[in-house]
Amino acid sequence: MYRHIEESQTLLVNTQSQILEAQNKEIIKFGFGQSPFLPPAFVLESLKTSIFHKEYSSVQGDEKLRENIAKFHYEHNGLESRSEDILIAPGSKILIYTILLAYKNADVFIPSPAWVSYEPQTKLTGHHSIQIHTNYENRWRVTPESIRNAVKRKKHKATIMILNLPGNPDGLTYTENELIAIAKIARELDILVISDEIYGLLTYKKDHCSFAKYYPEKTITTTGLSKWCGAGGWRLGVAMLYKTIEPEFRDALIGIASETYSCAPTPVQIAARTAYEDFEKIRPYVTYQNQILSEIGMFCAEKLNASKIKVEFPEGGFYIFPDFTEHKEKLNKKGIKTSIELCEELLKETGVAILPGAAFGLKADYLAARLAYVDFEPPKSATNFDIYIHCPRVVRGIQKICDWIEEI
């Protein structure tokens, strides 16, 4: 009678952790991917002064905000967009859902592993989901060959592919050459690409490359305030449409929005004007985050790799994707045969919460998990940052994982 959609694993692990904490157990929260950083002070002040804006905005979003977003992303990494081709919504998650819902029937290519909501949203919108399998050896990257293999399983004429860079759950991004190669086959196969770049500003060592720069004719870029601005609960998402978008497709997006979420919260949109007003003003804040997150991510990866838990060094965001398969034999002997069992046992025995690889589309018996290194109080400055002083819970949590796997 009812649709069967399980609760998001990212929200579920947060609930489980809270239950254990209520029992006076120390929980290291590596499961829920929430930025520990506050928005910049001047953005917080803008929200305070915008509370009297109780009116609805247009469905598409505040015009001044859309103008600022277009300018901001051009200044950040040369991504070209026009204010009239931007949609604002209460979070990028609902924008991805709206884009999928605008299609009647489509095949949706989803990398495996991928963010936990892509697959359920595909099911909810009635589309045919096709996983593009990746692995540790190719850095969990989609390739032209894997896309071509996915085509063999198509059922419908329309094809949508979701990319995520930098990625959740792996913390990795694509090189320019990789994006060019993917764009070439997307163009050949006439694929609509939803490029989820919610972590784009949190790219550590190089400029973020937006996929739309290489495939501008049919890429929708999604982003928002939740990650780089530390404002997940504000629910401010952005979709940057391609310039030549079909009028009926645009009308469908606006129509769905008008009949579901109506608009993003107006006070948040007004505050977001300030956040997106000037990239150069934001740059120090973003640089500060990237310096800290990069150092923490490298520390976590080095420590886990030293315990033969395979981890690619992160390039952005605040995630790594530990692969425990080197320890499969002894984990199996302990009765741990799935990633869910791995995470449950780790949480029970050490108090460290991570998310099972199965939640991200991997086979149940593949022993991998996502770790979000966000359980710390950010220092006021990245100058003289010391992970042992400023992030003791992260250090303790990683050590607990290493000790646990070595003692099995």
Side-chain angles (χ1 to χ4, degrees), residues 10-11 13-14 17 29-51 65 68-69 72-73 76-77 88-95 115 117 164-169 171 196-204 208 222-238 264-265 267-297 300 314-320 370-383 385 387 390-391 393-394:
T10 54
L11 300 177
V13 74
N14 194 46
S17 298
K29 297 178 182 178
F30 290 159
F32 193 53
Q34 178 170 290
S35 172
F37 297 93
L38 275 174
F42 62 90
V43 178
L44 292 172
E45 188 61 33
S46 180
L47 183 61
K48 289 180 184 178
T49 60
S50 69
I51 61 171
L65 172 57
N68 287 359
I69 289 169
F72 180 94
H73 280 284
H76 168 231
N77 69 338
I88 309 297
S92 61
K93 180 186 285 190
I94 192 64
L95 282 166
W115 181 48
S117 290
N164 182 206
L165 58 150
N168 175 2
D196 181 355
E197 301 180 20
I198 194 73
Y199 300 95
L201 272 79
L202 299 181
T203 302
Y204 299 157
H208 170 64
T222 60
T223 181
L225 290 182
S226 62
K227 307 305 179 181
W228 71 265
C229 199
W234 289 17
R235 310 313 300 141
L236 194 290
V238 177
V268 175
Q269 290 196 62
I270 302 300
R273 288 181 187 173
T274 302
Y276 282 109
E277 188 172 25
D278 183 353
F279 175 69
E280 289 305 317
K281 189 175 181 180
I282 285 290
R283 186 191 292 274
Y285 167 75
V286 172
T287 300
Y288 144 76
Q289 291 185 80
N290 282 329
Q291 288 174 347
I292 291 172
L293 290 171
S294 174
E295 190 167 335
I296 298 172
C300 295
E315 298 169 321
F318 32 71
Y319 305 111
I320 50 177
R370 190 198 73 179
L371 188 155
Y373 42 93
V374 293
D375 196 351
F376 66 94
E377 294 292 329
K380 293 182 179 179
S381 169
T383 305
F385 173 72
I387 190 169
H390 297 112
C391 306
R393 292 176 62 80
V394 172

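No experiment lies behind these values; they were computed from the predicted model shown.
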Fill in: side chain to side chain donor-acceptor pair (under 3.5 Å) between Thr274 and Ser46, intermediate numbers included
CA-CA 7 Å; Thr274 302; Ser46 180; 2.9 Å; yes

So, for [X] and [Y], which heavy atoms are closest and what is the spacing to 0.1 Å?
X: Thr223; Y: His73; result: CG2-NE2, 3.8 Å
X: Arg273; Y: Leu65; result: N-CD1, 3.7 Å
X: Tyr199; Y: Pro166; result: O-CD, 3.4 Å
X: Pro39; Y: Gly230; result: CD-O, 3.7 Å
X: Pro90; Y: Ala264; result: N-CB, 3.9 Å
X: Ile296; Y: Cys391; result: CD1-SG, 3.6 Å

Worksheet entry | Pair Phe72-Trp228, ring pair (Phe, Tyr, Trp, His ring centres under 6.0 Å): steps then yes or no | CA-CA 13 Å; Phe72 180 94; Trp228 71 265; 5.5 Å; yes

Can you tell me if [X] uses its side chain to pair, donor with acceptor, with the backbone of [Y] under 3.5 Å?
X: Ser294; Y: Gln291; value: no
X: Arg370; Y: Tyr319; value: no
X: Ser50; Y: Pro267; value: yes
X: Lys227; Y: Gly33; value: yes

Scan the side chains in residues 373-381 for donor-acceptor partners under 3.5 Å anywhere in the protein, sequence neighbours excluded, and list what turns up.
unit_1	atom_1	unit_2	atom_2	d
Tyr373	OH	Tyr204	OH	2.7
Asp375	OD1	Arg393	NE	3.0
Asp375	OD2	Lys29	N	2.8
Asp375	OD2	Arg393	NE	3.1
Asp375	OD2	Arg393	NH2	3.1
Ser381	OG	Thr383	N	3.0
Ser381	OG	Thr383	OG1	3.1

Item to complete: Start with the C-alpha gap between Ile88 and Val238, add the side-chain angles, then the distance that decides, and say whether side chain to side chain contact (heavy atoms under 4.5 Å, CB included) holds.
Response: CA-CA 5 Å; Ile88 309 297; Val238 177; 4.1 Å; yes

Worksheet entry | Audit row: Trp234, Val43, side chain to side chain contact (heavy atoms under 4.5 Å, CB included) steps and yes/no | CA-CA 12 Å; Trp234 289 17; Val43 178; 3.8 Å; yes

Pairwise distance [atom1]([X]) to [atom2]([Y]) - rounded to 0.5 angstrom:
X: Phe42; Y: Leu47; atom1: CZ; atom2: CG; value: 13.5 Å
X: Cys229; Y: Ile282; atom1: SG; atom2: CD1; value: 6.0 Å
X: Leu165; Y: Glu315; atom1: CG; atom2: CD; value: 10.5 Å
X: Ile69; Y: Leu236; atom1: CD1; atom2: CG; value: 6.5 Å
X: Thr203; Y: Glu197; atom1: OG1; atom2: CD; value: 8.5 Å
X: Tyr276; Y: Gln269; atom1: OH; atom2: CD; value: 11.5 Å

Practice prompt. Evaluate the criterion side chain to side chain contact (heavy atoms under 4.5 Å, CB included) for residue pair His208 and Leu201; output intermediate values, then yes/no.
Written response: CA-CA 7 Å; His208 170 64; Leu201 272 79; over 6 Å; no

Discussion item. Test side chain to side chain contact (heavy atoms under 4.5 Å, CB included) on Gln289 and Leu202; report intermediate values, then the result.
Written reply: CA-CA 8 Å; Gln289 291 185 80; Leu202 299 181; 4.1 Å; yes

Worksheet item: Would you call Phe37 and Leu293 a side-chain contact if the rule is heavy atoms closer than 4.5 Å?
Response: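 Yes, their side chains come closer than 4.5 Å.
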
Item to complete: Evaluate the side-chain proximity of Trp115 to Pro169: yes if any heavy-atom separation is below 4.5 Å, no if none is.
Response: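 Not in contact.
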
